[in-house]
Number of protein chains: 2
Amino acid sequence: MIDATLRSLERHGREGASIRRISAIAGVSSGLIHHHFRSKARLIAAAYESLAIELQETLYRESADHGGSPRERLSALIRASFAPSILEPRILNVWLVFWSMVMRAPSMRAVHDRTYRRYRSILGRLLQAVGRSRGVRVRARPAAIALSALLDGLWIELCLSPGTFRPTEAVMLCESWVDALCGGALPQLLQPRKRRS
Amino acid sequence: MIDATLRSLERHGREGASIRRISAIAGVSSGLIHHHFRSKARLIAAAYESLAIELQETLYRESADHGGSPRERLSALIRASFAPSILEPRILNVWLVFWSMVMRAPSMRAVHDRTYRRYRSILGRLLQAVGRSRGVRVRARPAAIALSALLDGLWIELCLSPGTFRPTEAVMLCESWVDALCGGALPQLLQPRKRRS
DNA sequence: CTTGCTACTGGACGATCGATCAATTAGGCT
DNA sequence: AGCCTAATTGATCGATCGTCCAGTAGCAAG
């Protein structure tokens, strides 16, 4: 049923967030959805959390499968973020609907905050591990915020108009940022070595 | 009339894209909108282009007003991107509606491509000027793509949940990236000094 | 068999949507 | 004054929306 919601949002975008369309795709009646989820908003929120967690697990699995070193795992995660299956412009439709509800429904905001904190936590730990193996102490929080923003910004633009630049360029831009971080070129994202009084 | 469209989208988000709401805010009848713009889609497209150009001009003016050196102008643009007037979460509502239509209507895609190319051009020229004053030759296109993605990604997350981090942190992250670029830490974003055969 | 409970159906309700159009008003041109 | 065009109105249409609810089917317990 949640899968049907996501598929409807993929196919019809903003107008796919309709009980009738979703129930048609799911092959059930419209009343049944109101029986299980008490309102449309709760259904959308459940679908939101489901998609966010599934996406993070996909990225995390890709990261864990490829490469042993932290740097290789991070590279795998970056590449996976711009893989064709993730990059499908249809999926942006889904996120746009979700984000537009985050602004209005407090329950949606709660889902967003929770899943995004998890996402930053994954990125932060990975960045810290990469830094440790390169001899720099990375401040996980701001580094994760920057990398997630870079990933998201590139991903959104790639979905909006795929012809502007190529996915490999997006990967390169992220890798360059990580290299600069490990090379100490982003000193404000590293732990200060010494405290001055 | 276009102003009323933007205000309606700010106030009511996704549901504000309705001829009736817009006409009520504009203080005219619903029929009049169909008289001037032949359909709702054309009205939204006109409002999209209007907002995008107005935003770019605001940023460009802020950039030109503050500071004489290219680096100061770029800093002013970055700070302006996270100024309270730009950062209002309401405005994200408007962009989300526009982006969701970019995916479906070719005319919307055309508006997006045109305005985004302009935006990247502004950023690219500024980055190149900053690089020149620091003695590095910046490749305008990928650098502008990366900075715009970083700006957008941070801006979106700040609008979605303003409590996650502070606007000053976002400014710092962008400035750090620019400093790394000027310091030569992002070699793939610089022109190769020598050609090898 | 009856009772109670849950999954599930599908039609009805009022609201709102984009679009259309006849009718009315306003304004410049001769 | 007479006329033509453009601006503007508001009612109306069919479609679709979220929600609600009376009613059916399946099934376990008594």
Side-chain angles (χ1 to χ4, degrees), chain A residues 1-51 93-111, chain B residues 1-51 93-111:
Chain A
M1 199 125 85
I2 287 178
D3 281 347
T5 305
L6 296 177
R7 255 180 314 196
S8 176
L9 289 176
E10 282 180 23
R11 271 209 269 274
H12 309 104
R14 184 173 44 90
E15 301 170 5
S18 131
I19 298 280
R20 282 181 171 80
R21 283 185 200 262
I22 294 169
S23 63
I25 292 181
V28 298
S29 69
S30 67
L32 184 58
I33 291 181
H34 263 91
H35 179 71
H36 288 287
F37 309 86
R38 300 201 309 173
S39 73
K40 169 183 150 183
R42 288 173 189 268
L43 170 64
I44 304 286
Y48 183 16
E49 186 141 26
S50 167
L51 176 65
N93 276 323
V94 186
W95 288 101
L96 290 175
V97 173
F98 289 155
W99 288 338
S100 70
M101 307 182 88
V102 167
M103 315 280 307
R104 321 199 79 75
S107 60
M108 284 280 168
R109 154 115 356 133
V111 174
Chain B
M1 200 123 84
I2 287 178
D3 282 347
T5 305
L6 296 177
R7 255 181 315 204
S8 175
L9 289 176
E10 282 180 22
R11 270 209 269 272
H12 309 104
R14 183 171 45 89
E15 301 171 5
S18 128
I19 298 280
R20 281 182 171 82
R21 282 186 200 263
I22 294 169
S23 63
I25 291 181
V28 298
S29 69
S30 68
L32 184 59
I33 291 182
H34 265 91
H35 179 71
H36 288 287
F37 309 85
R38 300 200 309 175
S39 75
K40 170 183 148 182
R42 288 174 189 266
L43 169 65
I44 303 286
Y48 183 17
E49 186 140 26
S50 167
L51 175 66
N93 276 323
V94 186
W95 288 101
L96 290 175
V97 173
F98 288 156
W99 288 338
S100 69
M101 306 181 88
V102 166
M103 316 278 310
R104 321 198 80 74
S107 61
M108 283 280 167
R109 152 109 5 125
V111 175

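What you see is a predicted model; the values in this text were computed from it and never measured. Excluded from the calculations below are hydrogen atoms, water molecules and symmetry mates; all remaining heavy atoms, backbone and side chain alike, are included. Numbers restart at 1 for each chain; the letters A, B, ... are given by sequence-line order, proteins then strands.
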For residues 18-33 of chain B, which side-chain N or O atoms pair as donor and acceptor with protein atoms under 3.5 Å away, sequence neighbours left out?
residue	atom	partner	partner atom	Å
B:Ser18	OG	B:Arg20	N	3.2
B:Ser18	OG	B:Arg21	N	3.2
B:Arg21	NE	B:Glu15	O	3.1
B:Ser23	OG	B:Ile19	O	3.0
B:Ser23	OG	B:Arg20	O	2.9
B:Ser29	OG	B:Leu32	N	3.4

- Message: Looking at A:Ser18, I'd like to know whether one of its side-chain N or O atoms comes within less than 4.0 Å of OP1 or OP2 on D:dT16.
- Response: no

- Task: Find the distance between CD (B:Glu49) and CD1 (B:Ile2) and round it off to the nearest 0.5 Å.
- Result: 9.5 Å

- Treat primed atoms plus P, OP1 and OP2 as sugar-phosphate and everything else as base, then score nucleotides 4-12 of chain D 5' to 3': B for base contact with protein heavy atoms under 4.0 Å, S for sugar-phosphate contact only, - for none. ---BBBBBB

- Task: Might you point out which heavy atoms bring A:Thr5 and A:Ala47 nearest each other, and give the distance in Å?
- Result: CG2-CB, 3.8 Å

- Message: List the residues meeting side chain to side chain contact (heavy atoms under 4.5 Å, CB included) with A:Ser39, not counting sequence neighbours, and say none if there are none.
- Response: A:Ala41, A:Arg42

- Item | Separation of D:dC20 C1' from A:His34 NE2 (nearest whole Å) | 8 Å

- Note on the structure: For residues 25-48 of chain B, the ring-ring contact (aromatic ring centres under 6.0 Å, His included) pairs (sequence neighbours left out) are B:Tyr48-B:Trp95, B:Tyr48-B:Phe98

- Might you point out which heavy atoms bring A:Arg109 and A:Val102 nearest each other, and give the distance in Å? NH2-O, 3.6 Å

- Query: Under a criterion of less than 4.0 angstrom to any heavy atom of chain A, what are the 5'-terminal and 3'-terminal contacting nucleotides of DNA chain C?
  - Reply: C:dA7 to C:dA12

- Task: Whenever both distances are under 3.5 Å in a Watson-Crick or G-U wobble pair, mark it; put DNA chain D into dot-bracket that way, with [ ] for crossing pairs and | when the partner is on another strand.
- Result: ||||||||||||||||||||||||||||||

- Message: Please find the pair of heavy atoms, one from A:Gly16 and one from A:Leu9, that lie closest to each other, and give the distance.
- Response: C-CD2, 3.9 Å

- Starting at CZ of A:Arg21 and ending at C1' of D:dT19, how long is that distance when rounded to a whole Å? 18 Å

- Task: For A:Glu10 and A:Asn93, run side chain to side chain contact (heavy atoms under 4.5 Å, CB included): C-alpha distance rounded to whole Å, both residues' side-chain angles, the deciding distance at 0.1 Å, then the answer.
- Result: CA-CA 6 Å; A:Glu10 282 180 23; A:Asn93 276 323; 6.0 Å; no

- Message: How long is the straight-line distance from CZ of A:Arg14 back to CE of B:Met103, given to the nearest 0.5 Å?
- Response: 13.0 Å

- Interatomic distance, A:Ile44 CD1 vs D:dC17 P [rounded to whole Å]: 13 Å

- Rounded to the nearest angstrom, tell me the gap between atom CD in A:Glu15 and atom C1' in D:dG18. 16 Å

- Message: Under 4.0 Å, counting only non-hydrogen atoms across every strand here, what does A:Ala41 touch: a base, just sugar-phosphate, or nothing?
- Response: nothing

